[in-house]
Structure formats: C-alpha cells, structure tokens
There are 2 protein chains.
Amino acid sequence: MLSHEQIWAAIDALAKRHGLTSSGLAKRAGLDPTTFNPSKRFAGDGRPRWPSTESLSKILEATGESVGRFVAGLDPEERTVTARPEAFAGIPVAAFSSEADADFDAKGAPTGPAWEPLTLPPRKADKLFALSVEGDGLLPVYRHGDVVVISRKTPVRTGDRVVVKPKNSQMTLLCLEHRTAKAYVFKALSGASARLQLGHEDVDWMGRIVWASQ
Amino acid sequence: MLSHEQIWAAIDALAKRHGLTSSGLAKRAGLDPTTFNPSKRFAGDGRPRWPSTESLSKILEATGESVGRFVAGLDPEERTVTARPEAFAGIPVAAFSSEADADFDAKGAPTGPAWEPLTLPPRKADKLFALSVEGDGLLPVYRHGDVVVISRKTPVRTGDRVVVKPKNSQMTLLCLEHRTAKAYVFKALSGASARLQLGHEDVDWMGRIVWASQ
DNA sequence: CCGAGAAAAGGGATATATTCCTGTCAGCAA
DNA sequence: TTGCTGACAGGAATATATCCCTTTTCTCGG
C-alpha cells in the first residue's frame with residue numbers, strides 16, 4: 001500500500017535527512033525547483049497529484065539513498081522488516097511483507113516461492129576480535145554476557161558503533177555521532193545526551209563493531 | 001537508487017507472485033490492460049518510460065502488497081552483511097569491563113593472557129534465519145539495515161530479544177520481559193514503557209535473536 | 001484445423017506531471 | 001533602506017504516461 005500522503009511525506013523526510021528543502025532536493029536532482037512544491041501536490045480541483053517514478057529515481061540517485069531507506073520512512077507503523085532466512089552458510093532467503101507473513105511450513109522451515117538463495121559479499125581477510133560485555137553499563141544496547149565482534153579494517157561511518165582506544169585511557173564502546181576535520185564526536189550507547197569529543201591525534205585506534213551476540 | 005530495469009522487473013515479479021500477467025495485473029488494478037505492456041516500457045525513440053507512482057499505488061492496493069515487499073527484490077546490493085557469524089569461532093575474545101584493559105601488541109593484534117578463543121554453541125541442526133531491519137522504529141537497539149539472526153531452537157529466557165509471531169498478526173521484534181503460567185509479557189526494544197501481553201496459545205511461534213550485525 | 005480468449009503491438013486521443021515563466025514574500029547582509 | 005537569495009504560488013506550455021481502439025500473435029480446447 002502506498003498512499004498519496006505517504007509518498008509526499010517520504011520525499012520531505014528524504015530532503016530533511018540531507019539538509020535540504022523540497023525545492024533544494026529537486027534542484028539537486030536536476031529537476032525543476034517547483035516540482036515538489038506543496039502547491040503541486042494537489043490539482044486545482046483538489047485531486048491528488050503524484051510524483052513520477054522517474055522523479056523518485058532521480059532524487060534517490062542525487063542523494064545516494066536506497067529504495068529501502070526511502071520507503072522505510074513511509075509508514076513507521078508498518079515497521080517493515082525483510083525476512084531473509086539464511087543459514088550461516090548462505091541459504092534460502094525471502095522478503096517478508098507485512099500482510100503475508102513469510103511462508104513457513106508445518107515444521108517451521110522456510111517454504112514457498114518467495115525464498116531465494118542469499119549471496120553474501122566476499123569477505124576480505126580481517127583482523128577480528130571480540131569483547132564480552134560485563135555488567136549493565138551498556139544497556140539497553142548490550143546486556144551482560146553479550147559478545148561484540150570488532151573489525152579494525154572496516155571503515156567507520158557516522159552512526160556506527162565503535163570501540164575507541166584513546167591514547168590516555170582505556171577502551172570504551174561508543175557510537176560515532178559525527179566527525180569533523182580535527183575531531184571525532186561520540187555519544188554513549190546508552191543514549192545519554194552527553195557527548196565525548198576526541199581529537200584525531202588523541203585516538204590510538206578505533207574499530208567498528210560488526211556483529212554482536214544477543 | 002531505483003533503475004528503470006528494476007522497477008519493471010518488480011512489476012513483473014509482483015504479477016507473477018499473484019499468478020497474473022502484467023496485463024492481468026493492470027486490469028485487476030482498474031488500469032488499462034496495456035499499461036504495463038512490454039511495448040510501453042520504452043518510447044518509440046528508445047527512451048525509457050516509467051510507470052507512474054499512482055499506477056504503482058493502484059497495483060499494490062489491488063494485490064494487497066506492501067511497499068516493502070514490492071521493493072524487496074529491487075536492490076539485493078543494499079543490505080550487505082559484513083561477516084558470517086560462523087566465521088567468528090576461534091577469534092580472540094576478552095572480557096570488557098571497567099577495571100581491566102585487554103592487551104594489544106604493536107601491530108594491533110590481541111596479545112596477553114586475557115584473550116582466549118571464542119567458542120560458539122553448536123547450531124548444526126538449528127533453523128536459522130535473518131531479518132533485515134528497515135527504518136528507525138527499533139532505535140536505539142537496531143539501526144536501519146541491521147541484520148538480526150534468529151534461532152527457533154534456542155531456548156528463550158527472560159530478557160532475551162525475540163521475534164514473535166502472534167497467531168493473528170505479523171512478526172514483531174520484542175524483548176521478553178517475563179513469562180507467567182499462561183502468558184508472555186513483552187516490552188518494546190525501543191524502551192517504551194508499554195507492555196504487550198500474549199497468552200501462550202496466541203503465539204504461533206517465537207524465535208530468539210542470537211546475533212545482530214551492527 | 002478452427003474458434004475463443006488472452007496477451008501484446010501499434011497508433012491516436014486524452015490526462016496529467018513537469019517545465020518554464022512571472023510574481024510575492026521572508027530572511028539576510030551590506 | 002536596498003539588494004540578493006531562496007521558498008513558494010499560480011498559470012501557460014510542454015512532455016509523457018495512460019487510455020482507448022484496432023490488429024496481430026499466441027495458447028488452449030473442441
């Protein structure tokens with residue numbers, strides 16, 4: 001289901017995520033700045049007007065966003081999750097829709113035409129290590145006993161959970177909020193509002209948390 | 001990113017899932033049967049033609065499909081898993097606590113007595129599958145794009161994060177707060193205070209989230 | 001083989017999203 | 001103030017997706 005209201009809200013949300021207005025978004029995509037004007041969302045007689053698929057394609061291209069991310073903003077209630085039953089070795093996978101639950105047979109095994117094999121990208125040799133969390137200091141994200149797997153080769157991007165080793169103190173688990181030319185800004189996993197700022201030269205090393213047992 | 005080829009493939013796939021041809025799909029949606037004709041997918045001069053979002057809305061409405069299901073097959077590249085959990089067996093693991101710091105050598109490799117090989121519980125006979133989280137409804141625990149691996153054989157205990165399939169609604173990701181003789185009590189991953197209570201007989205099945213990409 | 005029905009090609013007409021234009025208004029800086 | 005910029009409204013022109021119609025092709029029963 002895709003409503004007129006939803007699609008315009010998704011466009012606004014996309015623009016906002018990239019610090020743009022709807023007209024700025026249109027311009028960046030090579031469209032006329034008035035394409036997404038509020039005044040163009042309903043015809044004179046009140047009938048809804050729909051953006052073209054080609055325009056959608058262009059704004060996704062211009063912002064580098066995926067379709068999945070775009071539609072994720074459509075219906076927060078729907079909370080779409082895509083199910084991909086995979087075994088650890090690379091297995092059948094299927095998408096899951098909100099109205100037709102992914103098919104499982106009587107034994108609970110994935111079944112039906114929706115499933116297809118999942119292919120995982122080849123994994124380069126990486127120096128992985130793991131830390132087991134002790135105590136409840138990282139709730140609600142990590143519980144006592146959780147194991148987090150850390151890669152020091154994977155590039156760290158904004159929003160990633162990381163292990164940071166500052167030069168003068170011990171390892172901590174944080175979330176990278178953003179980075180500036182000279183410093184990193186971290187926030188606590190707990191969601192507390194406090195921020196930690198560290199200059200690039202004050203960070204001994206940093207690794208990205210790629211998996212976590214639950 | 002949304003390509004011309006992808007969107008037409010998604011329409012064909014949608015029709016096929018419902019046992020229809022592209023013209024049958026158009027008719028069912030109240031559109032002209034020729035709307036999705038292969039001959040209408042490119043203009044006479046070879047330029048691509050895009051279906052309108054209004055038509056997309058109508059075929060989703062007619063088939064009862066969600067946007068998420070529709071776009072699920074579009075972009076397999078989108079959700080890339082960085083590692084396979086099975087690859088984690090044997091990597092060095094150390095306790096992460098406030099008191100002790102684990103040692104690394106000059107090259108950044110784990111060293112010292114604090115580390116030992118990670119052992120994973122055997123899962124040979126287990127039915128594992130995964131869900132790819134879309135949207136920000138599960139923050140701060142899971143981000144958009146995170147992949148959670150679910151086991152339906154691992155015993156579920158209080159405090160575990162689980163996938164619940166109620167008899168009359170769709171799968172949801174929750175945290176099991178506690179269980180009584182007749183019911184389960186869940187709380188949302190988001191940390192909201194609301195609780196969801198489900199009788200044992202109202203739960204179709206439940207699986208435990210054992211790993212999650214981050 | 002023949003006919004019925006559906007799918008699909010092809011072309012003209014229509015509907016509508018976008019573009020292009022002008023103008024208003026708000027915010028901001030000199 | 002003045003000038004500049006961007007957001008936005010509104011209208012006309014253009015571009016294009018859909019609709020409507022006809023014809024052809026294909027499949028399936030008889």
Side-chain angles (χ1 to χ4, degrees), chain A residues 1-65 67 70-71 73-74 113, chain B residues 1-65 67 70-71 74:
Chain A
M1 315 294 195
L2 175 65
S3 75
H4 175 260
E5 183 183 1
Q6 284 172 346
I7 197 151
W8 286 112
I11 289 175
D12 288 337
L14 168 65
K16 193 173 183 182
R17 273 199 296 279
H18 292 266
L20 300 165
T21 61
S22 56
S23 61
L25 175 65
K27 270 194 292 187
R28 168 160 333 176
L31 300 165
D32 187 275
T34 67
T35 305
F36 302 136
N37 261 11
S39 62
K40 300 288 173 86
R41 300 183 182 188
F42 289 90
D45 55 5
R47 280 179 309 117
R49 301 185 65 176
W50 297 71
S52 77
T53 318
E54 192 171 10
S55 295
L56 295 186
S57 171
K58 284 179 179 172
I59 62 178
L60 292 178
E61 177 77 23
T63 57
E65 283 217 1
V67 195
F70 179 73
V71 304
L74 284 179
Chain B
M1 316 294 196
L2 175 63
S3 74
H4 176 260
E5 182 183 1
Q6 283 172 344
I7 191 105
W8 285 113
I11 289 175
D12 288 337
L14 169 65
K16 192 172 182 182
R17 275 198 296 279
H18 291 265
L20 301 165
T21 61
S22 57
S23 63
L25 176 64
K27 270 195 291 189
R28 156 114 46 125
L31 301 166
D32 186 273
T34 67
T35 305
F36 301 137
N37 262 9
S39 62
K40 300 291 173 84
R41 300 182 182 187
F42 289 88
D45 56 4
R47 279 178 309 116
R49 301 184 66 174
W50 298 72
S52 76
T53 44
E54 192 170 12
S55 295
L56 296 184
S57 172
K58 285 178 179 170
I59 61 177
L60 292 178
E61 177 77 24
T63 57
E65 285 218 358
V67 196
F70 180 72
V71 303
L74 283 182

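Residue numbering restarts at 1 for every chain, and letters A, B, ... go by the order of the sequence lines. Excluded from the calculations below are hydrogen atoms, water molecules and symmetry mates; all remaining heavy atoms, backbone and side chain alike, are included.
For B:Ser22 and C:dA7, the shortest distance from a side-chain N or O to OP1 or OP2 is not below 4.0 Å. Residue A:Thr35 places at least one side-chain N or O under 4.0 Å from the OP1 or OP2 atom of C:dT19. B:Arg47 has a side-chain polar atom (N or O) that falls below the 4.0 Å cut-off from OP1 or OP2 of D:dT16. Contact check, A:Arg49 against C:dT16: no side-chain N or O comes under 4.0 Å of OP1 or OP2. Regarding contacts with the backbone of D:dT18, a side-chain N or O of B:Ser55 is found under 4.0 angstrom from either OP1 or OP2.
The separation between B:Asn37 atom CG and D:dT22 atom C1' is 14 Å, rounded to whole Å. Rounded to whole angstrom, the span from the NZ atom of A:Lys58 across to the C1' atom of C:dT19 amounts to 11 Å. For A:Asp32 and D:dA15, the CG to P distance is 14 Å, given to the nearest whole Å. In this structure, the CH2 atom of B:Trp50 is 15 Å from the C1' atom of C:dT18, given to the nearest Å. Between the CZ atom of A:Arg41 and the C1' atom of D:dG10 there is a distance of 16 Å, rounded to whole Å. In this entry the distance linking CZ of A:Phe36 with P of C:dT18 reads 7 Å, nearest Å.
Ranking D:dG11, D:dC8, C:dA8 by closeness to the A:Lys40 side chain, first place goes to D:dG11. Side-chain proximity of B:Thr21 to the nucleotides C:dA8, C:dT18, D:dA9 is greatest for C:dA8. Between C:dC20, D:dC20, C:dA8, one nucleotide has an atom nearer to the side chain of B:Pro38 than all others, and that is C:dA8. Distance from the side chain of A:Ser52 is smallest to C:dT18 among C:dT18, D:dA7, C:dA7. Taking every side-chain heavy atom of A:Ser39 into account, D:dA9 is the closest of D:dT18, D:dA9, C:dA8.
Nearer the 5' end of DNA chain C, as judged by each residue's closest nucleotide, is the contact made by B:Thr34, out of B:Thr34 and B:Glu54.
The side-chain heavy atoms of A:Thr63 and A:Phe70, taken from C-beta on, include no pair separated by under 4.5 Å.
Taking A:Thr53 as the reference, B:Leu2, B:Ile7, B:Trp50, B:Pro51, B:Thr53, B:Leu56 meet the side chain to side chain contact (heavy atoms under 4.5 Å, CB included) condition, with sequence neighbours excluded.
Atom CZ of B:Arg41 has more than 12 neighbouring heavy atoms from other residues, nucleotides or ligands inside a 6.0 Å radius.
A:Pro33 comes within 4.0 angstrom of nothing in the nucleic acid, heavy atoms only.
Note that the NE2 atom of B:His18 and the CG atom of B:Leu25 stand 8.0 Å from one another [nearest 0.5 Å]. Within the model, atoms OG1 of A:Thr21 and NZ of A:Lys16 stand 12.5 Å from one another, a figure rounded to the nearest 0.5 Å.
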